[in-house]
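Order of appearance sets the numbers: ligands from 1, and atoms from 1 within every ligand.
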Amino acid sequence: METLFKHIKGLVGAYEKAPKFLAGDEMRSFSVIENAWLSFKNGRINGFGNMDTCPNVDVNVVDCSGKFVLPSWCDSHTHLVYANDRANEFLDRLRGLTYAEIAAKGGGILNSASSLREMAEDDLYDRSLKRLHSVISLGVGAIEIKSGYGLSKDGEEKMLRVINRLKEASPIPIKSTFLGCHAVPKAFDSASDYTDHVVEDMLPDFVEKGLVDFVDAFCEVGYFSVADTCKLIEAASALGIKSKVHVNQFNTLGSIELFVNKNALSVDHLEVITEDDIDALKSSMKNSTPTFPVALPICSHFLGIPYTQSRRLIDEGLPIVIATDHNPGTAPSGDMLEAVKLGSLKMGMEPIESIAAGTINGAAAMELQDEVGTISYGKRANFIVTKSISGLEVLPYRLNDVVVDKVYVNGEIWVG
Ligand code: NIG
Ligand code: FE
């Protein structure tokens with residue numbers, strides 16, 4: 001059955017021929033067609049335009065007067081597969097311990113790794129599927145999910161298998177990232193020894209089994225060095241796999257230029273950044289696919305660390321991406337709308353820029369731009385329909401109002 005939305009107050013991100021991503025000033029002009037129509041059939045978009053061109057056809061017509069329609073969120077950075085919450089560590093933090101101090105006493109990633117080890121794979125899958133369904137209800141229409149709480153070959157493979165099962169069961173596209181270098185397990189003397197194990201004993205096998213779309217490393221003081229991270233990126237690249245890197249979360253390590261030169265698809269976090277890092281990101285704009293800077297504002301909010309300077313990065317001409325970082329330690333939320341609102345509330349972005357960062361640019365940072373991220377012919381009919389609102393600025397402005405009316409997935413109402 002074909003569905004036709006009529007009288008949409010603003011159809012966001014609609015393109016006859018969509019750009020792959022938007023950078024700098026372009027982000028402010030993410031397309032909005034006023035008084036629009038949109039049609040879709042068999043789960044795919046098959047037409048849109050201004051009401052002047054609306055077809056007069058006998059289909060399922062939905063009146064969208066006063067409402068905006070947006071492409072669903074594209075969350076390009078999550079750790080959605082995990083065993084248990086770490087709410088107890090949150091209490092430790094309130095009592096004065098830092099992220100590093102909590103990790104040093106066996107909390108943090110090592111804590112998640114031990115609960116994951118004990119949990120049966122089916123349980124892990126069930127919990128993760130529930131989380132996936134709940135973020136789809138919040139309007140997520142495509143998602144990346146990382147391993148990284150396994151910290152052993154068996155553990156990492158278990159996570160990647162769970163991600164693969166989620167892919168099969170999921171109504172939305174999922175990309176799987178092998179976060180091989182996340183923390184150093186106790187059995188290893190050094191990060192570099194563990195990196196060798198990851199690169200030699202895990203990566204080729206997991207790639208051969210078709211479990212890996214991207215690789216990732218936590219490049220940070222006390223975790224993995226720039227050299228370790230480069231070793232993983234290079235090994236992955238030799239196998240045709242692109243990388244995404246956790247970097248500049250707490251310390252700048254002067255590594256962005258190297259990662260850009262090694263064609264990383266994205267560098268994520270960037271709560272701290274240097275002028276050289278910004279220059280390196282700008283230099284990547286000459287490549288057909290740049291290295292995307294990914295801001296994770298829920299992590300900044302939750303940990304009370306600086307926000308990524310997204311306003312500055314846009315003003316420098318860069319294609320900023322916003323994602324959730326959904327994980328039990330530093331961002332216990334998969335709410336992309338919240339992340340997008342923080343774009344305006346804390347990172348100085350105009351609502352339309354923030355929406356572009358969480359849709360079209362998020363899709364490109366997962367290489368899913370042909371499927372999702374804009375309203376375009378043939379793309380998935382994954383949208384968010386708002387309630388009747390005066391403008392997109394209402395999203396961040398009405399801090400806690402419920403602004404989402406309906407979520408569509410593959411042309412069907414998922415909630416609403
Ligand atoms: O993106 N920083 C590294 N990894 C995650 C946190 C993982 C955790 O604490 O469980 C992040 O913030
Ligand atoms: Fe992360």
So is E220 touching ligand 1 or not, going by heavy atoms under 4.0 Å? no
Between F292 and F21, does the ring centre distance come in under 6.0 Å? yes
Of all the non-hydrogen atoms in the protein, which one sits nearest to atom 10 (O) of ligand 1, and at what distance? Y149 OH, 2.6 Å
No-hydrogen, no-angle side-chain donor-acceptor test under 3.5 Å, R86 and S112: yes
Closest to atom 12 (O) of ligand 1 among protein heavy atoms sits T330 OG1, 2.6 Å
Checking side-chain polar atoms at under 3.5 Å, does S388 have a donor or acceptor matched by the opposite partner on K67? no
So is there a nitrogen or oxygen of S112 less than 3.5 Å from a nitrogen or oxygen in ligand 1? no
Under the 6.0 Å and 45° cation-pi test, does R95 pair with F90? no
Please write down residue, atom name and distance for the protein heavy atom closest to atom 2 (N) of ligand 1. Q249 OE1, 2.7 Å
Under 4.0 Å to a heavy atom of H77 - the qualifying atoms of ligand 1, by number: 1 (O)
For the pair F5 and Y408, name the ring-plane relationship: parallel under 30°, tilted 30 to 60°, perpendicular over 60°. perpendicular
Numbering the atoms of ligand 1 from 1, which are under 4.0 Å from a heavy atom of H246? 1 (O), 2 (N), 3 (C), 4 (N), 11 (C)
Sub-4.0 Å atoms of ligand 1 with respect to non-hydrogen atoms of Y99: 6 (C), 7 (C), 8 (C), 9 (O)
R86 neighbourhood, listing ligand 1 atoms whose heavy-atom distance to it stays under 4.0 Å: 8 (C), 9 (O), 10 (O)
Which ligand 1 atoms, with their elements, are less than 4.0 angstrom from a heavy-atom of H182? 3 (C), 4 (N), 5 (C), 7 (C)
Angle subtended at the Fe ion (ligand 2) by NE2 of H77 and NE2 of H246, nearest 10°: 90°
Who's the nearest protein heavy-atom neighbour of atom 11 (C) of ligand 1, and how far? D325 OD2, 3.2 Å
State whether R311 and E353 are salt-bridged, where the test is any N-O pair (Lys NZ or Arg NE/NH1/NH2 against Asp/Glu carboxylate O) under 4.0 Å. yes
Looking from the Fe ion (ligand 2), what is the angle between NE2 on H79 and OD1 on D325, to the nearest 10°? 90°
Taking the six-membered ring of Y82, is NZ or CZ of R131 closer than 6.0 Å to its centre and within 45° of its axis? yes
If you take all heavy atoms of K153 and F206, which pair is closest and at what distance? O-CZ, 3.6 Å
Here's one to test your reading of the geometry: is the NZ or CZ of K9 within 45 degrees of the ring axis of F68 and under 6.0 Å from its centre? no
Run the contact test for Y223 against ligand 1 with a 4.0 Å cut-off on heavy atoms, strictly below, and give the result. no
